[in-house]
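Please find one structure pasted underneath; my questions will follow.
Note on naming: letters A, B, ... go to the chains in the order of the sequence lines (proteins, then strands), and numbering restarts at 1 for each one.
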There are 2 protein chains.
Amino acid sequence: MKRDSRLSGVLHVLLHMAQQPGPFTSETLAKAMDTNPVVIRRIMAGLRELGYVRSEKGHGGGWTLACDLSKVTVRDVYAALGSPALLAMGNRTEAPGCLVEQAVNAALDQAFGDAEALLLARLGEVTLKMLGEDLRKRLGSRKPHGMSAHHA
Amino acid sequence: MKRDSRLSGVLHVLLHMAQQPGPFTSETLAKAMDTNPVVIRRIMAGLRELGYVRSEKGHGGGWTLACDLSKVTVRDVYAALGSPALLAMGNRTEAPGCLVEQAVNAALDQAFGDAEALLLARLGEVTLKMLGEDLRKRLGSRKPHGMSAHHA
DNA sequence: CCATCATGTAACATATCAAGTTACATGAAA
DNA sequence: TTTCATGTAACTTGATATGTTACATGATGG
């Protein structure tokens, strides 16, 4: 369990949901993602709070898309996860008294900041709708599919 | 101990060394960095292999700069550390059979790749000499300093 | 030669965090 | 009221950077 794959995971879930009418239970989604229902609920919690999805309890309950896929970007989804750290590297000390460290931080912060900004910008260019359309292309002429036929 | 701060740390060490003639023992450097001598040896090992620094045992031993500071970039130093992961996020599955996951990966890989490339390019633009000059500016008119007066 | 110093390295300890798991409460539908 | 599904807390697991201890290796100076 090395790098954070929540963004990858939650996009996978959303794209699955966009392919068929819902609702989807956490268990169904978890099976398709080869993971645990609780993990699904965890990564979906933030999306629910922002109104991108809805969840219903009881019989016939589960998760439903509740947003305009052409309006929501990958960056929005990232933010819904709580904007976890993008970079694996950081400064030893954030506000050092040591001038040497300050010089190092200044240089690294510049580079790190640029990279983060570019990444966020790129993520902001991709809507969920675009991802769905790309998926459609990959599916080619195949007819609508079940959730179990194409696990990772 | 969250994010990898080895690059920050090793740059700090190199900059300290560039300010005064050597050699410097791991213990001296460790004190200035408020860490352990073994940690210093560990992050310096890769630099030694690439010839950026030398190390001598015994009396009067320690670490010495062994490169042209105007030729070595922060990117080189990063590579000497073994090029650890730059991004904190990654794909759930690297080579998925699932087409949904492939679509997600394609989009994320594009953004991640761009950000990594930019970061590496930025790091490649900064030489150790430039860091040293920036440090000199920050030091202002102060005279050459000891190692213990400006800890982080 | 030998005591001292310093690096080199293995081994172990600690801290953090994502991910996985278990357990149970809450609430909706049949 | 039974069943189903989410909500959430608590615990476990695995990975990794960092910190620490211990000891071997080799160089210097007496």
Heavy atoms only, 4.0 Å cut-off, all strands: where does Gly62(B) land among base, sugar-phosphate and nothing? sugar-phosphate
Atom-pair distance (CD1 on Ile40(A); P on dT8(D)), nearest Å: 16 Å
If you go through the side-chain atoms of Arg42(A), does one of them form a donor-acceptor pair with the base of dG7(D) closer than 3.5 Å? no
May I ask you to verify if any side-chain N or O of Ser5(B) is less than 4.0 angstrom from the OP1 or OP2 atom of dA17(D)? no
Quick check: is Leu139(A) connected to Val104(B) through a chain of hydrophobic side chains (ILVMFWY, heavy atoms under 4.5 Å apart)? yes
Would you please confirm or rule out a distance under 4.0 Å between OP1 or OP2 of dA17(D) and any side-chain N or O of Arg6(B)? yes
Using OP1 and OP2 only, check whether a side-chain N or O of Ser55(B) sits under 4.0 Å from dG8(C). yes
Between dT18(D) (P) and Asn91(A) (CG): distance, integer Å: 12 Å
In this structure, how many angstroms lie between the P atom of dG26(D) and the NZ atom of Lys57(B), rounded? 6 Å
Kindly say if Thr35(B) contacts the phosphate of dG19(D), meaning a side-chain N or O under 4.0 Å from OP1 or OP2. yes
Nucleotide dT20(D), atom C1' - distance to NZ of Lys31(B) in whole Å: 16 Å
Treating Ile, Leu, Val, Met, Phe, Trp and Tyr as nodes and any side-chain heavy-atom pair under 4.5 angstrom as an edge, say whether Leu15(A) and Val39(A) lie in one connected cluster. no
Is the phosphate of dG8(C) approached by Arg48(B) (side-chain N or O, under 4.0 Å from OP1 or OP2)? yes
Tyr52(B) (side chain) donor-acceptor with Leu69(B) (main chain) under 3.5 angstrom: no
N/O (side chain, Ser26(B)) to phosphate O (OP1/OP2, dT7(C)) under 4.0 Å: yes
Which residue lies toward the 5' end of DNA chain C, Glu27(B) or His59(A), if each is placed at its nearest nucleotide? Glu27(B)
Quick check on dG7(D): is either OP1 or OP2 less than 4.0 Å from any side-chain nitrogen or oxygen of Arg41(A)? no
Test your reading of the model: is there a side-chain donor-acceptor pair from Thr127(B) to the backbone of Met130(B), 3.5 Å cut-off? yes
Tell me: CZ of Arg3(B) to C1' of dC17(C), nearest whole Å? 13 Å
Starting at CE of Met89(A) and ending at C1' of dT16(D), how long is that distance when rounded to a whole Å? 13 Å
Which whole-number value in Å describes the distance from Met33(B) CE to dT20(D) C1'? 17 Å
Once you round it to whole Å, what is the distance between C1' of dG19(D) and CZ of Arg92(A)? 13 Å
What I want to find out is whether Arg136(A) reaches Glu133(A) closely enough, with some N-O distance under 4.0 Å, to be called a salt bridge. no
5'-most contact on DNA chain D: Asn36(B) or Trp63(A), nearest heavy atom basis? Trp63(A)
Out of dG20(C), dG27(C), dT9(C), whichever nucleotide has its closest atom nearest the side chain of Val38(B): dT9(C)
